[in-house]
Amino acid sequence: MYLLLLSLIYLAFISLGLPDSLLGSGWPTMREAFSVPISYMGIVSMIISGSTICSSLLSERLTKKFRTQYVTVASVMLTAISLWGFSTASAFWMLCLWAIPYGLGAGAIDAALNNYVALHYSSRHMSWLHCFWGVGTIVSPYVMSWALMHSVWQTGYRMVGGIQFAIALVLILTLPVWKIHQKGEAQEENGKILGISGALKIRGVPSLLIGFFAYCAAESTTMLWASSFLVEARGITKEVAAAFGALFYIGITAGRFLSGLVSEKLGDRTMIRLGAAVMGVGIACVLLPWGGNLPALAGLVIIGLGCAPVYPSIIHATPGNFGAENSQAIIGIQMASAYVGSTFVPPVFGLIANHVSIRLFPVYILLFGILMIAMTETTFRKVQRR
C-alpha cells in the first residue's frame, strides 16, 4: 500500500507537469490560428500564474477541509477539463477564460502534494517527485509535435487532456489507498488555520520565502533566456542553442533522480548548498571569455544539474523547520512566491537585454543564486536558534 500510494502521487505529479510545456510548444501555430501577436502568449501565461498563486495561498484551507486526496483528484479533473476547453477555443479570449481553472487546479495540487510528501515521505521521494514533474514537461512537447505533424494543435490539447482524465479516473478508483496515512492527516486537519499573516510571523519564514523566490527566478530566467543568450551573445546557431536549451530541462530531471539517491544521507541543507555550488560552477562556465563556446554550452547543463536538488530540498525541510502543523500554510505561500519569481523576474531581464545587453544573462542569474543561498542559510540559522 505504501509503494502503491507513492506511485499514485508520482502519477499525479506527472499530470502536473504535462500541461506546463504544452502552451509554449504549440503557440507558434496557435497564435496564427487566432491572428494574435506572438507576445500574447504572455497574457495567457500570466493568467495561469495569477490563478495558480491564488489557489496556492488557499491550499491550507482547502486541504484541511477536504483532505489531500480529494484536492488532488479535483485538481487533476479541473486541469483536464481546462485542457479540453483549450482545444475548443475559437477565439483568443476563450483561451484566457480556460486559463483560469487550469491555473487554479495546478496551484492546488502543487501545494497539497508537496506538503503531503514532505510530511510522510523521505527527501529521496521528494526529489523523485519533482523528477516525475520533469517527465511530464518532457513528454507533452512530443505530443504536440506529433499533433502538429499529423493533425491540428487542438489534437495535442485533447490528447493531453485525455491523459489527464485517465489519471483522474485512476486516482478516483484508488482513493481508499490514501487511508494508510489517515491518522496523521486527521491530526493535521484538526489544527487551526494559520493563514498568511500567521505564517509570516514565524521566525525564518520571510527569509525562506525570499530564498525560494530567488531560486525560482534564477531557474525560470535560465529556461526562458538561455537559447537567446547563446545566439545573440555567443553567435551559436539557433539549432544548436535550442538543443542545449532543452538539455537544461533534462539536466534538472536527471539531477533530481540522482539527488534522490544521496539526499537522505546528506540532508536537505547540504543538498541545497551542493546545488548552489554546482549552479555557481555552471554560471562560471557560461561567463568564461575563453575556450570557445563549449564551456558556455556545458555550463547550461551544469546549471540544470545544480538547480535539481534545491527546490525539493527546500520544500522537504519545511515541516522539520517549522512544524508539521504549520507546513501546509507555509508550503502554500512558498508555491505562491515561486510563481511570483518565475512569472515576473524573467520579463525584467528581457528589458535589461533590450536596453543594456543580453550578455548580462549569467550575471543576472548569479545575483539571484547568491540571494537564494544567503536567504536559505539565514533561515536555517534562525530555525536553529529557536
Side-chain angles (χ1 to χ4, degrees), residues 1-19 52 55-82 101-102 104-136 163-194 256 260 263-264 311-312 315-320 322-332 334-335:
M1 293 286 279
Y2 175 91
L3 291 177
L4 176 58
L5 178 56
L6 187 61
S7 299
L8 292 171
I9 293 171
Y10 286 161
L11 183 65
F13 236 66
I14 290 176
S15 80
L16 179 63
L18 275 171
T52 301
S55 59
S56 296
L57 293 175
L58 291 171
S59 65
E60 180 191 20
R61 295 181 182 276
L62 290 172
T63 304
K64 284 184 180 293
K65 185 172 183 178
F66 300 109
R67 294 191 177 183
T68 302
Q69 59 267 44
Y70 297 109
V71 172
T72 300
V73 170
S75 297
V76 174
M77 186 64 73
L78 192 59
T79 56
I81 294 170
S82 301
Y102 165 57
L104 291 173
I109 189 174
D110 201 359
L113 285 182
N114 270 299
N115 182 62
Y116 194 88
V117 173
L119 288 172
H120 300 295
Y121 293 94
S122 67
S123 57
R124 171 194 304 170
H125 297 302
M126 180 63 82
S127 292
W128 288 343
L129 179 73
H130 288 271
C131 176
F132 278 96
W133 170 84
V135 170
I163 295 172
Q164 295 283 71
F165 278 118
I167 292 174
L169 179 61
V170 171
L171 292 173
I172 291 170
L173 294 175
T174 54
L175 279 172
V177 177
W178 294 75
K179 291 180 179 179
I180 63 171
H181 293 139
Q182 193 169 16
K183 183 177 178 181
E185 197 171 7
Q187 292 175 346
E188 295 153 27
E189 291 166 8
N190 292 332
K192 65 177 183 179
I193 299 292
L194 184 63
R256 283 175 177 165
S263 57
E264 287 185 40
Y311 193 116
I315 295 292
H316 188 265
T318 300
F322 305 108
E325 70 280 6
N326 299 323
S327 64
Q328 183 63 74
I330 295 171
I331 287 177
Q334 279 179 292
M335 295 296 102

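The chain is numbered in sequence order, starting from 1. Worth saying up front: this structure is predicted, and the values here are computed from it rather than measured.
- Here the NZ-OG1 distance, from K65 to T63, works out to 12.5 Å after rounding to the nearest 0.5 Å.
- Considering CD1 of I14 and CD1 of I163, their distance stands at 10.0 Å, rounded to 0.5 Å.
- When all heavy atoms are compared, the tightest approach of A106 to L16 is O-CD1, 3.6 Å.
- Counting heavy atoms from C-beta on, the side chains of Y121 and I9 come closer than 4.5 Å.
- Atom CG of L4 sits about 4.5 Å away from atom CG of L8, to the nearest 0.5 Å.
- Annotation: F165, atom CZ; neighbour count of heavy atoms from other residues, nucleotides and ligands within 6.0 Å is above 12.
- Judged as a salt bridge (charged side-chain N to carboxylate O under 4.0 Å, His left out), the pairs with a partner in residues 117-134 (not counting sequence neighbours) are, in order, R124-E264.
- Taking every heavy atom of both residues into account, G332 and A111 meet most closely at CA-CB, 4.1 Å.
- Rounding to the nearest 0.5 angstrom, the gap separating the CD atom in Q328 from the CG atom in L62 is 9.0 Å.
- Listed by chain and residue number, V73, M77 satisfy the side-chain contact (heavy atoms from CB on, under 4.5 Å) test with I172 (two or more places apart in sequence, or in another chain).
- Partners of S123 according to the side-chain hydrogen bond (donor to acceptor under 3.5 Å, both in side chains) rule, which considers only residues two or more places apart in sequence or in another chain, are S263.
- Take Y10 and apply the ring-ring contact (aromatic ring centres under 6.0 Å, His included) test, not counting sequence neighbours, and it matches F132.
- Taken to the nearest 0.5 Å, the OG1 atom of T318 stands 7.0 Å off from the CD1 atom of I330.
- Contact record, A112 with T68: O-CG2, 3.9 Å, taken as the closest heavy-atom pair.
- Every residue two or more places apart in sequence or in another chain was checked for a side-chain hydrogen bond (donor to acceptor under 3.5 Å, both in side chains) with T52, and none qualifies.
- In this structure, the side chains of L113 and W133 stay at 4.5 Å or more apart for every pair of heavy atoms.
- Residues satisfying the side-chain contact (heavy atoms from CB on, under 4.5 Å) test with H130, not counting sequence neighbours, are F13, N114, M126, R256, Y311, P312.
- Residue I109 forms a side chain to side chain contact (heavy atoms under 4.5 Å, CB included) with just one option from V71, L104, T72, L78, and that option is T72.
- Residues passing the side-chain contact (heavy atoms from CB on, under 4.5 Å) test with L57, sequence neighbours excluded: I53, I196, I333, A336.
- Between the S327 side chain and the P319 main chain, no donor and acceptor come within less than 3.5 Å of each other.
- Judged as a salt bridge (charged side-chain N to carboxylate O under 4.0 Å, His left out), not a single pair has a partner in residues 71-81 (not counting sequence neighbours).
- Listed by first then second residue, pairs satisfying salt bridge (charged side-chain N to carboxylate O under 4.0 Å, His left out) with a partner in residues 167-176 number zero, not counting sequence neighbours.
- For the side-chain hydrogen bond (donor to acceptor under 3.5 Å, both in side chains) test, no residue two or more places apart in sequence or in another chain qualifies with W128.
- Interatomic distance, CG of N115 versus CG of D110, reported as 11.5 Å (0.5 Å rounding).
- Scanning for side-chain hydrogen bond (donor to acceptor under 3.5 Å, both in side chains) contacts around T79 gives Q164, with sequence neighbours left out.
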